[in-house]
Chemist: 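I'd like to ask you about the structure that follows.
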2 protein chains.
Amino acid sequence: MDGKEALDKARERIIETIAQNIHLYGLTPSAGRQYGTMFFHNEPLTLDDMTEELGMSKTSMSTSVRALSDLKLVERAWKRGVRKDLYQVKEDWYQSFVDLFSIKWRRSISLHAVAVKKSLSEMKDLYENKDISDDLKAMLEIDIEKLEYMRDYFEWLDRLVDAFEEHDIFNLVPPKDYPRNK
Amino acid sequence: MDGKEALDKARERIIETIAQNIHLYGLTPSAGRQYGTMFFHNEPLTLDDMTEELGMSKTSMSTSVRALSDLKLVERAWKRGVRKDLYQVKEDWYQSFVDLFSIKWRRSISLHAVAVKKSLSEMKDLYENKDISDDLKAMLEIDIEKLEYMRDYFEWLDRLVDAFEEHDIFNLVPPKDYPRNK
DNA sequence: TTGTTTGTACAGTAAAAACTGTACAAAGAA
DNA sequence: TTCTTTGTACAGTTTTTACTGTACAAACAA
């Protein structure tokens with residue numbers, strides 16, 4: 001077997017593994033392949049390069065590179081004299097993990113917090129109302145307790161995301177060669 | 001407005017919020033609605049109950065309750081004299097989060113680790129080969145470094161999942177009323 | 001044994017998502 | 001200004017996923 005061929009095979013294995021697992025990031029295998037291709041390219045790529053490499057339409061390349069950028073897995077690059085947009089993978093995977101975690105969860109936490117706050121307030125008001133049946137009152141007691149549990153849980157999740165963003169997590173689980181006590 | 005109606009509205013808001021966010025768990029809004037419905041039911045539910053509540057086919061209920069069970073969001077319950085299978089939501093959301101995190105990532109980490117190990121070994125063998133060009137050798141040096149970075153990253157991710165499973169994370173980010181120093 | 005009940009496999013259908021090609025706006029070149 | 005080039009909006013198509021209804025095996029009842 002030719003040496004370059006052997007290298008490509010070894011690379012392909014990695015690219016395909018990324019493609020098959022990137023659903024954890026909410027992305028399609030195609031986007032994963034795109035990421036993998038950029039990962040092994042030592043120069044930033046244009047959309048036309050990607051179309052060439054992956055045999056897919058430029059429109060697809062455009063939309064999925066945007067998805068990759070939104071999750072901060074990929075960033076724009078600049079190169080003198082090149083008019084086309086250039087993209088490259090972000091080098092720091094630990095930071096990418098933190099960014100992913102934050103982007104994915106923050107919004108959800110916030111939406112839940114808002115809904116819980118509103119419903120909890122409504123339930124408490126209703127509970128104070130004099131004209132409600134004992135049955136309903138019993139139900140409300142249970143539900144209020146449930147929503148207070150939810151509220152505490154999402155408040156915890158929010159602090160968890162903080163711990164990732166502020167890199168406290170790297171003290172608990174240090175990357176190889178990570179300096180202790182930041 | 002009737003009291004029970006007001007309660008239902010407050011519950012619906014929560015259920016719909018769960019439904020709209022459960023894609024983070026890789027589940028469909030329907031499964032989220034199912035989860036939410038079970039959450040507010042104070043008794044375990046049968047598949048027929050869910051069909052009734054959600055107006056969907058029993059087959060759907062069966063498949064999505066299985067998906068919920070696989071992620072350990074829901075568990076089987078037992079009740080004397082009831083022949084049908086009963087399901088209820090798992091009470092401990094903190095543990096559910098840990099389980100989710102573990103289930104989602106472990107498999108992916110392992111697949112990546114295997115692929116990286118194999119490709120890294122192939123590349124190193126190739127690098128030792130006498131008959132390869134200087135160009136290829138230079139490429140290999142770069143790729144080997146990249147794969148070593150990947151290897152370290154997934155080893156870190158694996159330790160991160162350990163820290164969740166072993167509840168070390170609860171020392172770093174304590175839930176409300178969580179006893180310190182486990 | 002035979003008759004019921006219950007959960008799910010499987011095939012078909014409906015709905016959603018991914019992908020393509022065209023067409024065009026924005027930005028640079030001349 | 002006009003002529004190119006480049007990225008993306010949008011409409012249409014293909015592919016995938018979600019959902020339904022039927023049919024049946026397993027478990028229990030009589």
Side-chain angles (χ1 to χ4, degrees), chain A residues 15-16 18-38 41 43-71 73-88 104, chain B residues 15-16 18-38 41 43-71 73-88 104:
Chain A
I15 293 174
E16 207 48 39
I18 293 172
Q20 296 309 318
N21 285 281
I22 207 157
H23 65 270
L24 290 174
Y25 294 66
L27 299 174
T28 59
S30 293
R33 236 163 266 124
Q34 200 171 0
Y35 180 87
T37 303
M38 294 172 74
H41 251 270
E43 292 292 312
L45 291 171
T46 67
L47 292 179
D48 290 319
D49 294 335
M50 299 176 203
T51 293
E52 173 85 10
E53 288 273 348
L54 297 166
M56 290 177 70
S57 73
K58 198 174 174 182
T59 304
S60 281
M61 295 303 95
S62 175
T63 55
S64 49
V65 92
R66 174 189 290 264
L68 287 165
S69 301
D70 287 347
L71 293 182
L73 292 172
V74 150
E75 64 190 350
R76 299 270 310 256
W78 301 97
K79 213 165 145 187
R80 228 174 61 84
V82 177
R83 248 174 72 190
K84 301 183 184 185
D85 292 355
L86 289 164
Y87 298 93
Q88 63 191 1
K104 288 255 156 214
Chain B
I15 293 173
E16 208 48 40
I18 293 172
Q20 296 309 318
N21 285 281
I22 207 158
H23 65 272
L24 290 174
Y25 294 68
L27 299 173
T28 59
S30 294
R33 236 164 265 123
Q34 199 172 0
Y35 180 87
T37 303
M38 295 172 73
H41 251 270
E43 291 293 312
L45 290 171
T46 68
L47 292 179
D48 289 319
D49 293 336
M50 300 176 201
T51 294
E52 173 84 11
E53 288 274 348
L54 298 166
M56 290 177 71
S57 73
K58 198 174 173 182
T59 304
S60 281
M61 296 300 98
S62 174
T63 54
S64 49
V65 91
R66 174 189 289 264
L68 288 165
S69 300
D70 287 347
L71 293 183
L73 293 172
V74 150
E75 64 189 351
R76 299 270 308 257
W78 301 97
K79 215 165 144 187
R80 230 174 58 85
V82 177
R83 249 175 70 191
K84 302 184 185 186
D85 293 354
L86 289 165
Y87 299 92
Q88 64 190 0
K104 288 254 155 215

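A, B, ... follow the sequence lines: proteins, then strands. Residue 1 opens every chain.
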Chemist: In whole Å, what is the span from the CG atom of B:Leu54 to the C1' atom of D:dT20?
Modeler: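 So the two atoms are 15 Å apart, to the nearest Å.
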
Chemist: How is A:Arg66 classified with respect to the nucleic acid when contacts are heavy atoms under 4.0 Å: base, sugar-phosphate, or nothing?
Modeler: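 Answer is sugar-phosphate: A:Arg66 comes under 4.0 Å of backbone atoms only.
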
Chemist: Does either side chain, that of A:Glu53 or that of A:Thr37, offer a donor lying less than 3.5 Å from an acceptor on the other one?
Modeler: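 Absent: no donor and acceptor within the cut-off.
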
Chemist: When we call it a touch if two heavy atoms are under 4.0 Å apart, what does A:Ser30 touch: a base, just sugar-phosphate, or nothing?
Modeler: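 The answer is sugar-phosphate, as A:Ser30 gets under 4.0 Å only of primed atoms, P, OP1 or OP2.
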
Chemist: Nearest 0.5 Å, please: how far is CE in B:Met61 from OG1 in B:Thr63?
Modeler: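 With rounding to 0.5 Å, OG1 (B:Thr63) is 7.5 Å from CE (B:Met61).
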
Chemist: Could you walk me through whether B:Leu68 and B:Tyr25 pass side-chain contact (heavy atoms from CB on, under 4.5 Å), step by step?
Modeler: CA-CA 9 Å; B:Leu68 288 165; B:Tyr25 294 68; over 6 Å; no

Chemist: Which whole-number value in Å describes the distance from A:Leu47 CG to D:dT5 P?
Modeler: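 Going from CG in A:Leu47 over to P in D:dT5 covers 16 Å.
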
Chemist: From NZ of B:Lys84 over to P of D:dA27, roughly how many Å is that when rounded to an integer?
Modeler: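 After rounding, the reported distance stands at 18 Å.
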
Chemist: How would you give the extent of chain B contacts on DNA chain C, as first and last nucleotide 5' to 3' within a 4.0 Å heavy-atom cut-off?
Modeler: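 With heavy atoms of chain B under 4.0 Å away, the range is C:dT5 to C:dC10.
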
Chemist: Rounded to the nearest angstrom, tell me the gap between atom CG in A:Asp85 and atom C1' in D:dT5.
Modeler: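 One finds 12 Å between C1' of D:dT5 and CG of A:Asp85, rounded.
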
Chemist: Quick one: closest heavy-atom pair of A:Met56 and A:Ser30, and the distance?
Modeler: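 In this case the closest contact between A:Met56 and A:Ser30 is CE-OG, 3.9 Å.
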
Chemist: OP1 or OP2 of D:dC19 versus the side-chain N and O atoms of B:Ser60: is any pair under 4.0 Å?
Modeler: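 The answer is no; no side-chain N or O of B:Ser60 sits under 4.0 Å from OP1 or OP2.
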
Chemist: Quick check: does any side chain N or O of A:Ser62 sit under 3.5 Å from a backbone N or O of A:Lys58, one acting as donor and the other as acceptor?
Modeler: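 Answer holds: no.
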
Chemist: Could you tell me whether A:Thr59 contacts a base, only the sugar-phosphate backbone, or nothing, with contacts defined as non-hydrogen atoms closer than 4.0 Å?
Modeler: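 Base contact.
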
Chemist: Does a donor on one side chain and an acceptor on the other come within less than 3.5 Å for A:Asp49 and A:Thr46?
Modeler: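 Per modelled atom types, A:Asp49 and A:Thr46 side chains form a pair under 3.5 Å.
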
